[in-house]
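Contents: one structure, followed by commentary.
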Amino acid sequence: MTQTIINQTDTTQAPADAPRLLVNPAVAIIRCSDNEVFIRHGSRSATSHRIEDTKGRGRLANFAEAFAVPRTVTEAASSTDTDALDAAEFTQHLLDGHALIPDADRNYGYAIAGLGSPGIPAAAQLAVVGEGRVGTAVARQLTDLLRRPVEQAAELITAFEDCDFVVVAADALNPGLFYDADEAAMETGTPWQLVYVDGGEVMVGPTFIPGMTVGYYDLDTMDESGRTMRMDYQFLKTATAAVPATAPVPYAVADLAASYASLSVLQHLTGKGSFLENHVLRLDLERMHVIRDRVMRLARTPRDLANRNDLRHPFL
């Protein structure tokens, strides 16, 4: 747990037109004394910390509690008989510790305090391509995280043309769909996130940013090269089954895949950067292993060469 000590002398007047602030709904403020409060988010959270007024002005706890309802700094100072300079000082520490947030951000309290998001998600247009259980779970979870509807799109090309970010979700390995998505991303410049279930393995990522990160060809090549029985893998991933599997992906597995995918999307949208850029997360449910692999960018892939005007020998 971190500790914040208030002991500053150089402060500025809080502006009269300051926004309305609110105690972050994702944290609790515990009064230790009039001069000390504890901000609690979780027992081991970096957001949980103590704030103490070492000057003993006897106003800190009352001032912090005043924001149980949305108020400006001036209103909170007036209701607690706190000097304007002291109020500005208290406010800065409470804001730095994510104990106070703008009232407009109240729906993103957990993202700010619990996930370390630098701010509310950008107002980007999102779509989820994939009608299976994984796609449905991703759409539901993103709707909850972003507090606005995220729809499942029926047309892949339309989704990439109309949206700022696309999640491609599948209940099974589908190289054709994934390559189509990669090509659409290159044509439109739209970032996208891959997530799918492959039997007892959940694959989340990478987060693809055209022109900056790896592409699906890089991931597919790396995945294939790491196979012990490479020829069998090449055959099985494209073979048509005489008796196809019909059991749906269990909801527990679909939600697990969607959770990691949704959190990486949130990181991307807030500008923090997805933890799956140039990486793929493998959740091996048969062995209960969680592995994060680095995906290397290959030179002169067929996709990259196809977008070049000049014709060059691939080995030169």
Could you pull out all donor-acceptor pairs under 3.5 Å where a side-chain atom in residues 245-256 meets a protein atom, sequence neighbours excluded?
unit_1: Tyr251; atom_1: OH; unit_2: Arg133; atom_2: NH2; d: 3.3
unit_1: Asp255; atom_1: OD1; unit_2: Arg140; atom_2: NH2; d: 2.6

Which pairs would a plain distance check flag for residues 150-164, meaning a side-chain donor or acceptor within less than 3.5 Å of a matching protein atom at least two apart in sequence or in another chain?
unit_1: Gln152; atom_1: OE1; unit_2: Thr136; atom_2: OG1; d: 3.3
unit_1: Gln152; atom_1: NE2; unit_2: Gly130; atom_2: O; d: 2.6
unit_1: Asp164; atom_1: OD2; unit_2: Gln125; atom_2: N; d: 2.9

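Nearest heavy atoms, Phe67 versus Leu100: CB-CD2, 3.5 Å. Closest approach of Arg59 and Asn35 over heavy atoms only: N-OD1, 4.2 Å. Across all non-hydrogen atoms, the minimal contact from Leu266 to Ser117 is CD2-OG, 4.0 Å. Contact record, Gly215 with Asp182: CA-OD1, 3.8 Å, taken as the closest heavy-atom pair. Across all their heavy atoms, Ser274 and Thr207 have their closest contact at OG-OG1, 2.7 Å. The heavy-atom pair separating Pro206 from Asn278 by the smallest distance is CB-N, 4.3 Å.
With sequence neighbours excluded, the residues that form a ring-ring contact (aromatic ring centres under 6.0 Å, His included) with Tyr110 are His41. Scored by the ring-ring contact (aromatic ring centres under 6.0 Å, His included) test, Phe165 finds His268 as partners (sequence neighbours excluded).
Here the straight-line distance linking atom CD of Glu52 with atom SG of Cys32 works out to 9.5 Å at 0.5 Å rounding. Rounding to the nearest 0.5 Å places CZ of Arg292 at 4.0 Å from NE2 of His279. A distance of 10.0 Å separates CD of Glu75 from CG of Leu21, quoted to the nearest 0.5 Å. Separation of atoms CD1 (Ile29) and CZ (Phe38) is listed at 12.0 Å; rounding is to 0.5 Å. The distance from atom CD of Gln267 to atom CG of Leu115, rounded to the nearest 0.5 Å, is 8.0 Å. Here the CG atom belonging to Leu94 is positioned 6.0 Å from the CD1 atom belonging to Ile39, to the nearest 0.5 angstrom.
Heavy atoms of other residues, nucleotides or ligands lying less than 6.0 angstrom from OH of Tyr260 number 12 at most.
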Checklist line | side chain to side chain contact (heavy atoms under 4.5 Å, CB included) between Met222 and Leu219, worked out | finding: CA-CA 5 Å; Met222 184 203 76; Leu219 172 65; 4.2 Å; yes

Check: When you look at Leu269 and Leu146, which way does the side chain to side chain contact (heavy atoms under 4.5 Å, CB included) test go after all the steps?
Finding: CA-CA 10 Å; Leu269 295 178; Leu146 303 178; 4.0 Å; yes

Next item on the list: Just do the side-chain hydrogen bond (donor to acceptor under 3.5 Å, both in side chains) check on Ser79 and Arg71 with the steps written out, would you?
Entry: CA-CA 10 Å; Ser79 67; Arg71 286 180 172 172; 3.1 Å; yes

Item checked: Residue pair Thr80, Thr82: steps toward the side-chain hydrogen bond (donor to acceptor under 3.5 Å, both in side chains) verdict -> CA-CA 5 Å; Thr80 58; Thr82 303; 2.8 Å; yes

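You'll find the side chain of Leu60 reaches within 4.5 Å of the side chain of Ile51, heavy atoms only. By the 4.5 Å heavy-atom criterion applied to side chains, Ile30 and Val37 are not counted as neighbours. At least one side-chain heavy atom of Ser264 sits less than 4.5 Å from a side-chain heavy atom of Gln193. No side-chain heavy atom of Tyr196 sits less than 4.5 Å from a side-chain heavy atom of Asn174.
Under a hydrophobic clustering in which Ile, Leu, Val, Met, Phe, Trp and Tyr are joined whenever their side-chain heavy atoms come within less than 4.5 Å, directly or via other members, Val23 and Phe90 fall into the same cluster. One hydrophobic cluster, built from ILVMFWY side chains closer than 4.5 Å, cannot hold both Val129 and Val195; they sit in different ones. Both Val295 and Tyr179 belong to a single network of hydrophobic side chains, linked directly or stepwise wherever heavy atoms of I, L, V, M, F, W or Y lie under 4.5 Å apart. Residue Leu126 is grouped with residue Leu145 when hydrophobic side chains (ILVMFWY) are merged at heavy-atom distances under 4.5 angstrom, including chains of intermediate members. In the hydrophobic cluster analysis, where Ile, Leu, Val, Met, Phe, Trp and Tyr join through side-chain heavy atoms closer than 4.5 angstrom, Val27 is grouped together with Leu95.
Between Arg297 and Asp218 there is no salt bridge, since no side-chain nitrogen of the basic residue lies less than 4.0 Å from a carboxylate oxygen of the acidic one.
When atom types are taken as modelled, the side chain of Ser48 and the backbone of Gly42 share a donor-acceptor pair closer than 3.5 angstrom. Between the side chain of His93 and the backbone N or O of Thr91 there is no donor-acceptor pair closer than 3.5 Å. Side-chain atoms of Thr221 come within 3.5 Å of backbone N or O of Tyr217 as a donor-acceptor pair. In this structure, the side chain of Asp171 engages the main chain of Val134 through a donor-acceptor pair within 3.5 Å.
Taking the six-membered ring where tryptophan is involved, the planes of Tyr216 and Trp192 are tilted, since the angle between them lies from 30° to 60°.
When Lys55, Arg31, Arg50 are each tested for a salt bridge (charged side-chain N to carboxylate O under 4.0 Å, His left out) with Glu36, only one passes: Arg50.
Residue pairs that meet the salt bridge (Lys or Arg N to Asp or Glu O under 4.0 Å) test with at least one member in residues 272-284, sequence neighbours left out, are Glu201-Arg282, Asp223-Arg282, Arg282-Asp293, Asp284-Arg287. Within the structure, the side chain to side chain donor-acceptor pair (under 3.5 Å) test picks out the following pairs touching residues 94-108 (sequence neighbours left out): Gln92-Asp96, Asp103-Arg106.
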